[in-house]
Protein chains: 2
Amino acid sequence: MRCPCLPKAAILILQSALTKKLSAFVSLMDADLDTLVRFHQRRRTFLPGHELVHEGETRQSAFVLAEGWACSFKMLPSGERQIVDIQVPGDFLGLRSILFRTSDHSVRAVTRIEASEVLSSDILNAFSDAPRLAAAVLWAASRDEAMVVEHLCNLGRRSAEERTAHFLLELGARLKVVGIGDMNGFACPLTQYHLADALGLSAVHVNRVLRRLREDNLLMFRDGHVSILDFERLRDLAGFDANYLDQDGPLLR
Amino acid sequence: MRCPCLPKAAILILQSALTKKLSAFVSLMDADLDTLVRFHQRRRTFLPGHELVHEGETRQSAFVLAEGWACSFKMLPSGERQIVDIQVPGDFLGLRSILFRTSDHSVRAVTRIEASEVLSSDILNAFSDAPRLAAAVLWAASRDEAMVVEHLCNLGRRSAEERTAHFLLELGARLKVVGIGDMNGFACPLTQYHLADALGLSAVHVNRVLRRLREDNLLMFRDGHVSILDFERLRDLAGFDANYLDQDGPLLR
DNA sequence: GGCTCGCGCTGCTTTAGATCAGCATTGTCT
DNA sequence: AGACAATGCTGATCTAAAGCAGCGCGAGCC
């Protein structure tokens, strides 16, 4: 605990996944933590499949994901879905939907989730009241962008196997930071259809790729669990370098 | 001019491409404009091909692009290049490189460019001194992310023709906001190799796609100029909806 | 019990785009 | 002038992944 005189809510926040993540960027002051507490009012529960944010609609809310998994995606005119990112605890959901006139993407719960609604006033007030926290929000948004950029390289220049391996390694690394899963694997509620929509592949092909990865003793994706069988070879296959997650080492700035 | 008592430098800033872009989000106050002036000290000129930001290196600078074109990209272990985005006047270059421990991407001048170096202290001080400007920076970063997200959909779910059309329509829309080009087309210093690296295609295939688009009287990419021959059909082909650029209509928030 | 539905899995055929190879044009350097 | 490097362009061949078709299995439901 940083400061025993903080209100009880703030102490809970200290342990939240979001705080863990932001603390990798700056050490937050009391004023920042007080403001973070406000982010965590309005906690909600949503069932699997519920759409929290709707592409093309105005006056959307953003959320901070506390428990469970979600995915952000865009629908294309052809009716196909492109999953942009998978969200795990500590991630913002739909941040761009409150900064933009109309949301450019949708967010849907994959599992049952708990999330706190964040209003655009919460974010914008943070810029006046808690500049360090606001800077951390910019950092978090930039980190999200870095992940999308890496996904772009995935789709543009990596083969189906490399892509799949890279995607699952990234998920593992992100989950480790918020204290879920370990080097050997993690619980994963995604279906092969989720993978297909995220990786720009057909579900049929994802299935084949997963089989090959399993037959090569690289990883197993089965029964809602991902097992990393050979991290080194997987990392080399995928060309995975976690630098872009900016999460190793203690906070510097 | 908003305020005749501002220093001369600030009045110039009022007309800068960055200011035009940020003003689409919030109307900036004098304090914001003063801070923006600081962003525009340290103006530099770079020759075509110069690499301003280096992937994997620490202590990088960011820049605001004032004149000319640049591209941000990542190199993959295979030696292939994925262009993440093309930058035009008013865009930030390498913003993530000052927020992260090590830069996750590189930035290279396509043409001769003029750019102002922005230190991480410039950005972070803005959070304390000019919260509205800081919020606008978050918006600009989010807009960049929205563009990368759209590129992701491009690579994941659109055919080579759709991708190419979409990419060039987006460029046209972005250039229009900063006052370059019009509905009929724009000067474009990119080579077919740039397109290939941005679109995740081979240069050979880009050439064929451009030929088909030309033969169908949709657009011409030739001699450093893009001519939009049939905007409506191109837009339908590409499934292009400029909403994600969040640049239409007057400022609301 | 039988029904459907979601999800995982597999074989066969097709195709979009890569790869390979080579030519034409233009501008720059010596 | 000749050499060369970039860039644009084209035909022939190859291949990774899509598309299509279908089966198995367990869960939930009438």
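The chains referred to below are lettered A, B, ... by the order of the sequence lines, with proteins before strands, and numbering in each begins at 1. This is a predicted model, so every value here is computed, not measured. In what follows, every heavy atom counts, from backbone to side chain, and hydrogens, waters and symmetry copies are set aside.
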Between [X] ([atom1]) and [N] ([atom2]), how many Å, whole number?
| X | N | atom1 | atom2 | result |
| --- | --- | --- | --- | --- |
| R158(B) | dA18(D) | CZ | P | 17 Å |
| L155(B) | dA16(C) | CG | P | 18 Å |
| E215(B) | dC9(D) | CD | C1' | 12 Å |
| D223(B) | dT26(C) | CG | P | 10 Å |
| H194(A) | dC7(C) | NE2 | C1' | 12 Å |
| L190(A) | dC7(C) | CG | P | 12 Å |
| L210(B) | dT7(D) | CG | C1' | 13 Å |
| L195(A) | dA18(D) | CG | C1' | 17 Å |

Taking the side chain of [X] as its heavy atoms from C-beta onward, which of [options] lies nearest to it?
| X | options | answer |
| --- | --- | --- |
| R211(A) | dT10(C), dG8(C), dT10(D) | dT10(C) |
| L201(A) | dA18(D), dA21(C), dT7(D) | dA18(D) |
| T191(A) | dT10(C), dG17(C), dC7(C) | dC7(C) |
| H205(B) | dA18(C), dG8(D), dT10(C) | dA18(C) |
| Q192(B) | dG8(D), dG8(C), dG19(D) | dG8(D) |

* **Enclosure of E67(A) CD (heavy-atom neighbours >12, cutoff 6.0 Å)** => no
* Counting only heavy atoms not in R214(A), do more than 12 sit closer than 6.0 Å to its CZ atom? ->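 More than 12 within 6.0 Å, yes.
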* For G224(B), answer base if it contacts any base atom (sugar-phosphate contacts may also be present), sugar-phosphate if it contacts only those atoms, and nothing otherwise; contact means non-hydrogen atoms under 4.0 Å. =>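 Touches nothing.
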* Asked: With sugar-phosphate meaning primed atoms plus P, OP1 and OP2, does S202(B) contact a base, only sugar-phosphate, or nothing at under 4.0 Å between heavy atoms?
  -> base
* Asked: Parallel, tilted or perpendicular: which fits the ring planes of Y244(A) and F240(A), with parallel below 30° and perpendicular above 60°?
  -> perpendicular
* Asked: Taking atom types as they are modelled, is there a donor-acceptor pair under 3.5 Å from the base of dT19(C) to the side chain of R208(B)?
  -> yes
* D91(B)/R174(B) ion pair, N-O < 4.0 Å ->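 Judged by the 4.0 Å cut-off on N to carboxylate O distance, D91(B) and R174(B) do form a salt bridge.
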* Does dC9(D) have OP1 or OP2 sitting under 4.0 Å from an N or O in the side chain of N207(B)? ->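 For N207(B), the contact criterion (side-chain N or O under 4.0 Å from OP1 or OP2 of dC9(D)) is met.
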* First of R222(A) and R157(A) reached from the 5' end of DNA chain C, by closest nucleotide ->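 Mapping each residue to its closest nucleotide by heavy atoms, the 5'-most match is R222(A).
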* To do: Say whether S103(A) and Q60(A), considering side chains only, have a donor N or O and an acceptor N or O under 3.5 Å apart.
  =>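 Distance-only check fails for S103(A) and Q60(A).
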